[in-house]
Structure formats: C-alpha cells, structure tokens
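Below you'll find the structure, written out as structure tokens, and then a few comments.
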Protein chains: 2
Amino acid sequence: MKLTTKGRYAVTAMLDLSLHFGEGPITLADIAQRQGISLSYLEQLFSRLRKRSLVASVRGPGGGYSLGRSADEIYVGEVISAVDENIDTTRCNGAHNCQNNERCLTHDLWSDLSNQIYGYLNKISLQDLMDRQAVREVAQRQGQQEQETNPGMDISMSDMSSGPAGA
Amino acid sequence: MKLTTKGRYAVTAMLDLSLHFGEGPITLADIAQRQGISLSYLEQLFSRLRKRSLVASVRGPGGGYSLGRSADEIYVGEVISAVDENIDTTRCNGAHNCQNNERCLTHDLWSDLSNQIYGYLNKISLQDLMDRQAVREVAQRQGQQEQETNPGMDISMSDMSSGPAGA
DNA sequence: GATAATCTTGACTATTTTGCTTGGGAATGT
DNA sequence: ACATTCCCAAGCAAAATAGTCAAGATTATC
C-alpha cells in the first residue's frame, strides 16, 4: 500500500469525473484546467485507469472520459492501486524467505497494517465521498457539528484531533 | 497524508522496539541488522521520532532507544507523520484560495478522505498490531479463519478480497 | 474527404524524494 | 582513557514524481 500525491491526483480527477457525471464525456483538458494538473500527466494516469476499466473513453470531437462504473461502485483503493502499480513493494517480496524469524515477524506486522488500510480504502466509494461532503456542507450551514448517521457505512469522522493531514 | 516505504521503515523499526520492550535500550545497530535497514538511515528516522517523543534515547555504552510511551499509547499515524513531515502538501495549502469553486470542492473531497485515513491510522496502536499478529498466529495454528473479537477496536479484517497490498 | 478535436503512446527531461554513505562530533559507562 | 553509543550535517546515486514534447489513431462534423 502506497499513498502519495500521485494517488491524490488520480482520486481528485476521478471525483471531478463523478461530479460531472451525466454531462457526457469529459475531456482531460477540462479536468486539467479545473484541477490544476498538467494534461500530459493526466493522460498517463488515465492510461492506467482505463486499463483497470475504471474509466471509459470516447475518441474524436465531443469525446472524452467518463466513469467506467457508477460512482458507488468505484472504490478509492482501486483508483490508488491502479496508478501506483509498482512491482516490488516489500523487501522479502511475497514469499517469507527472510533470514531470521525476527525479520519476517515485523514484516508481517507491517503487511498486516497495509492490508487493513487497503481494506479500509476499498470500502469508500467515490459516491461516499461526494455524499459525505454534501452532508457536511449542510451541517456546517446549520452551525452544528457532525452528528449525522450514514447508513451502510461504518466510517466515523470523529476523533481526528491531532491529525494535520495537509498543512 | 502520505504513506510510503519511509513510513514503513519507521513503523517497522518501532514495532521492533515494541517487541523488545523490557530488554533495556535497544541499539540502532541491532534494529538495522534485524530489519535490514541501513544504520545511518535509521539514525535520521529516529532523529525525527525523538523530536516527537515517540522514542527515548540513552547515550553511551549499553545505551540505545526505547519507546517513548507504552506500545498501546503510540499510534501508527503519529509514527508515519513524524518521519514524513514535509511542508507543502496540498496545492491550495490550508486556506481555500483557489480560483473557482469547482477546484476547491474536489480538493475538499480529497482532504476529507485524507482526514479519514488519518483518523483511521490514529486509532491503531503498536500494541494493537502486535496483539493482532499474535491472535492470528494462534488462529492459524488452530486451522480456523479469523473470527475473534477485539474489544476496544472496531477494525475488521474481513472483506479485503481484491487488495494485493504488496505484490 | 478534409479538418479539427480528442484519445493514445512513447520518449525525454527536470525536480524531488529515497535510501544511503561519509565524516565528524558529543555523551557516558567501564 | 577508551569503546560504545547517540547525534548531526553534508553530500550523493537511484528512483519516483511531475511534466514536456512529439507523433500517431480515431471519429464527429463540415
């Protein structure tokens, strides 16, 4: 599991696509301008997204990209892993051919955590993110803290007191 | 929020410290050998971990590092953010001074997700990881799947069917 | 059919980050 | 004194990131 700005770009672009769903194909040029990402870089990212069928493309004038599935069937984990696919992640790759047991133990501990994060991100769909944002905007307008329930999702937004997460 | 091999090294090293808790200070040379990380790189990582009081150091012969707090009070999110601290994360940093509303919207969507991941990682302690691993080893020895309950933690290990997470 | 819009692909480059080395210190137990 | 350890800073090669450039392929529209 890796989580860098590359994945952020991909998720951001996919969210842009989600927001303009129903308007026909969206050109990369539009996304590039709206999200401040270079066109050619987007092309590279979308090449990988297309291979995973996360987006569908239409060529020619009036063409562009659209979501490969509906927004509630595309999960954040998929998007991130699609653009991140690199070969060797762990030092003792896959197999447990480490020298001593000690090393394998902590490596397993890490891969355990990695799997947890992965499973977590694979439960959050693009639609969830959009719903969540919408709900929070309403709540903010009403001047109250987040207290709403979100049926079908067990992700709580509470207790993130210490996390800068972007500053 | 960022999650790279650098953070993995830090978490792995901290787990190593946790596993040898009670044996007095652990030298970086030991960790370097056990985990296959270069000594000087560990020094750099531990310099940052020490600034956040995640580890405590003892100089001189017989010295080394130990956990700054007990393993159930150190959270994975802290460890990762300690070694990752870079300055500019988002393009429209902190403030919402983007050009058009569209861009700010999707940026907020991303930072929302980022906060969720952060909150998630800040609920997982080093002790949790060690417990989880121990439990799973026992379960594996008994030939049954994971079905145990983990009081105080609401993290499920189920439904990670599609995640390669390191292959 | 010509043309323009758009995806598609590959090569190339600059910048940043990783991971590591080197080389020196400073503290401290023996 | 001395060896052991933490501490710190500079530098450096390899990789990843982010982007540019250039050439195509497809297709709607005139």
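Worth knowing before you read on, the calculation uses all heavy atoms, side chains too, and leaves out hydrogens, waters and symmetry mates. A note on names: the letters A, B, ... follow the listed sequences, proteins ahead of strands, and every chain is numbered from 1. What you see is a predicted model; the values in this text were computed from it and never measured.
In this structure, a donor-acceptor pair under 3.5 Å is present between the side chains of A/Glu73 and A/Ser70. Between the side chains of A/Ser81 and A/Tyr118, at least one donor N or O lies within less than 3.5 Å of an accepting N or O.
Considering all non-hydrogen atoms of both residues, B/Asp84 and B/Lys6 come closest at OD1-CD, 4.1 Å.
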Kindly list each side-chain donor-acceptor pair under 3.5 angstrom involving residues 49-61 of chain A, sequence neighbours excluded, with atom names and distances?
none

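Note: CZ (B/Arg48) to C1' (C/dT18) measures 11 Å, nearest angstrom. To the nearest angstrom, C1' of C/dT16 lies 14 Å from CZ of A/Arg8. In this entry the distance linking OH of A/Tyr9 with P of D/dT17 reads 12 Å, nearest Å. For the pair A/Leu42 CG and D/dT20 P, the computed distance is 11 Å after rounding to whole Å. For the pair A/Lys2 NZ and D/dA15 P, the interatomic distance rounds to 13 Å; values are reported in whole Å. A/Tyr41 places its OH atom 12 Å from the C1' atom of C/dT15, with the value rounded to the nearest Å. Remark: C1' of D/dG19 and CG of A/Leu45 are 11 Å apart, rounded to the nearest angstrom.
Distance from the side chain of A/Lys6 is smallest for D/dA18 among the nucleotides D/dA18, C/dG19, D/dG19.
For B/Thr4 and C/dT17, the shortest distance from a side-chain N or O to OP1 or OP2 is not below 4.0 Å.
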Checklist entry - Does the pair A/Arg34 and A/Asp16 meet the rule for a salt bridge (charged side-chain N to carboxylate O under 4.0 Å, His left out), with working shown? => result CA-CA 8 Å; A/Arg34 278 197 292 259; A/Asp16 187 287; 2.8 Å; yes

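Here B/Tyr41 pairs with B/Tyr9 under the ring-ring contact (aromatic ring centres under 6.0 Å, His included) rule; sequence neighbours left out.
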Next on the checklist: One character per nucleotide, please: for nucleotides 2-14 of chain D, 5' to 3', B when the base has a protein heavy atom closer than 4.0 Å, S when only the sugar-phosphate does, - otherwise.
Outcome noted: -BBBBBB-B----

